[in-house]
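Below is one structure, written out as C-alpha cells; comments come after it.
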Amino acid sequence: MDLHTPLFVEHLSLGARMVPFGGWEMPLHYGSQIEEHLAVRARAGMFDVSHMRAVDVGGVGARGFLRRLLANDVARLREPGKALYSCMLNPAGGVLDDLIVYFLGADGYRVVVNAATTDKDLAWMQSQADETLHLRPRRDLAMIAVQGPAARELAARHLPGNLGEAALALKPFYATRGDIAGEADWFVARTGYTGEDGFEILLPGDQAPTLWRALVTDGVMPCGLGARDTLRLEAGMNLYGQDMDETTSPLDCGLGWTVAWEPVERDFIGRAALTARRASGDLSPFVGLLLTGRGVLRGHQPVLVHGQIAGMVTSGGFGPTLGRSIGLARLHPGTVLEAGEDCAVEIRGKPVAARRFNPPFVRQGAVRIDLD
Amino acid sequence: MSQVPSNLRYTKDHEWARDNGDGTLTVGITDHAQEALGDLVFVEVPETGRMVAAGEACAVVESVKAASDIYSPLAGTVAAVNTTLADAPEKINEDPYDQGWIFTLTPADPAGYAGLMDADAYARFLEDA
C-alpha cells in the first residue's frame, strides 16, 4: 500500500494522474506535463515534495557526526540558515543518497533526503550515530516547492507572521524559520530542483492544504513528478537512482565538486576509497547530450563515439524549454569527447546524431546551449 | 472517460482503424492511449510501401514518459503516412481520431476489418482493463 502525503486529496480534486513513486502515490501530472514545465520557466509552479523526508540532527555531537557522514563538509556552514548540497557515501565511496543539509544554529542541522531512500538512509545514519545524537525524522511536516521567476513573491504573501518578509530577504541557498509559537515548524529555503528561483517550504502537514489552495488561487500551477524530472534534467541536476547509485562514486557522476577534500584530516566515510579512485585517474566523464537527430534520449541507451560504444545515457527525455531531447551520460574512463563535439546515441538499434554539452542546458528561463 | 467513436474499429493495443471505403484503412491511437501516454513529443511513421503483418510494430510514438510501439491492426501495405506529425506530434493528443492519424493501410484481406473490435467491444475492453 503506497503512502499518501497530506496533499493527496488536493491532487485528486485537481484531476492528477497518480503514480507509485518511492513507496508513495504521487501526481505525475495534472493534465499536461509540458504546460506545467513551461509555467515554471515562465512564471510559477509548485510541487508536492512531502514524500521527501526532513531529518533533524541534534545533540552535542551533531557537527562531528555530519562531518564524518557526508562527503561535503558542514564546517563550511557558519551562518545559521545556510544550506549545503552533499553526497552521503558508503565505505566503498558509492553514493547512498544525495541530500541538502541546513545549519540550524544551536538546534543543530536539518537534512532533507530522497523519498525512496529514506528508510535506508535513516538506518545508515542510526548505525553511525552514538547515544548523544538525536535523529528526528519529521514525518509531521509537508513540503511544497514553489518554483519560477514569480514564485518567491507569490509564495511570500501566504507565509505566516513576518516569515514572508524574512523569506524574501533570503540569499540563494539559505533558509529561515518561523520565530513565534504556532509558526515554529514553518521553514522556508531558497532552494529547488528546477534551475529557477523559488522556495522549498516545510510546514506542518495539517496546514499544507490551506497553503496549497491559496497558491492555486494565486495562479501558481500545480506540477507533477513528470515536469519535476524534465525541469531538473534541463537544469543539469542529477537524479538519484538514475544518474548515480551505491555503485557510483561522486567522481563518476559529475558531483566531484561536492566532495570537500580539505581539510585532509577530516576522515569522512568513503574518503579512502575516493582518494584511491581519484589517484587511479580512471574516472568516467559525465556529460550532457543534445540529440541533434530525430528521437528521444532515454536512460540506458548506448553512447557511440567514433562508432564505438563509449558509455551510456543515465537520464534522458524531452526538454520542453528547448523543444529538443537532452540527456546526461556516463562515458567509459578515458573517452575523449569535448564540449560541442558530435557523437551518436543508439536508439532502437540505430545510431542517431548527438552532441556533447556541459550542463545546465537551461537556467533561469534562458537556454544556455547552442541549438543550431 | 475517454472517447470511443462508434464508426471506428479497435485493437487490444489501443489502435483505431477507419474504413475509408476505397480499399484503405486509416490507423491511429485511441483517446485512451494518448491520455495514458501523456504529452507526445516524437512520432516515427513507417515508410510508404512497407508490407506489414497483422500485429507488427511499424511506428513509434514517444511521450514525455516513454516510447511505445504502434502495431498494424491488419496485414497489408502502408499506403500513406501523416508527415505533419514530425513537427506536431501533439496533434495526436489534441485530435487522436482525425488530425492525429498515423498511417493508412491497404489491407491484404479487406474482410479482416470486420474482425476487429467494434466501439462497444472496445469500450467494454477498457472497462475490464
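So you know, we letter chains A, B, ... as the sequences are listed, proteins then strands, and number each from 1. Only a predicted model underlies this, so the values are computations on that prediction, with no experimental measurement involved.
For chain B, the nearby part of A:Arg17 is the side chain; its heavy atoms alone come within less than 4.5 Å. Contacts of B:Glu35 with chain A are made by both backbone and side-chain atoms, with heavy-atom separations under 4.5 Å. With a threshold of 4.5 angstrom between heavy atoms, A:Ser32 approaches chain B through its backbone and through its side chain. Looking at B:Val60, the atoms closer than 4.5 Å to chain A (heavy atoms on both sides) all sit in the side chain, from C-beta outward. When heavy atoms are compared at a cutoff of 4.5 Å, B:Ala66 approaches chain A solely by way of its backbone atoms N, CA, C and O.
Salt bridge present: A:Glu234 and A:Arg41 bring a charged side-chain N and a carboxylate O closer than 4.0 Å. Salt bridge A:Arg355/A:Glu341: absent, no basic N to carboxylate O contact under 4.0 Å. Look at B:Glu62 and A:Arg348 and you find a salt bridge, because one of the NZ, NE, NH1 or NH2 atoms lies within 4.0 Å of a carboxylate O, short of that distance.
Residue with the most contacts toward chain B among A:Asp229, A:Thr230, A:Ile34, A:Leu28: A:Ile34 (heavy-atom pairs, distance under 4.5 Å).
Shown here for A:Arg363 and A:Glu196, the closest heavy-atom pair between the two residues is C-OE2, 4.5 Å.
Annotation: cation-pi geometry satisfied between B:Arg9 and B:Tyr113 (NZ/CZ under 6.0 angstrom from ring centroid, within 45° of ring axis).
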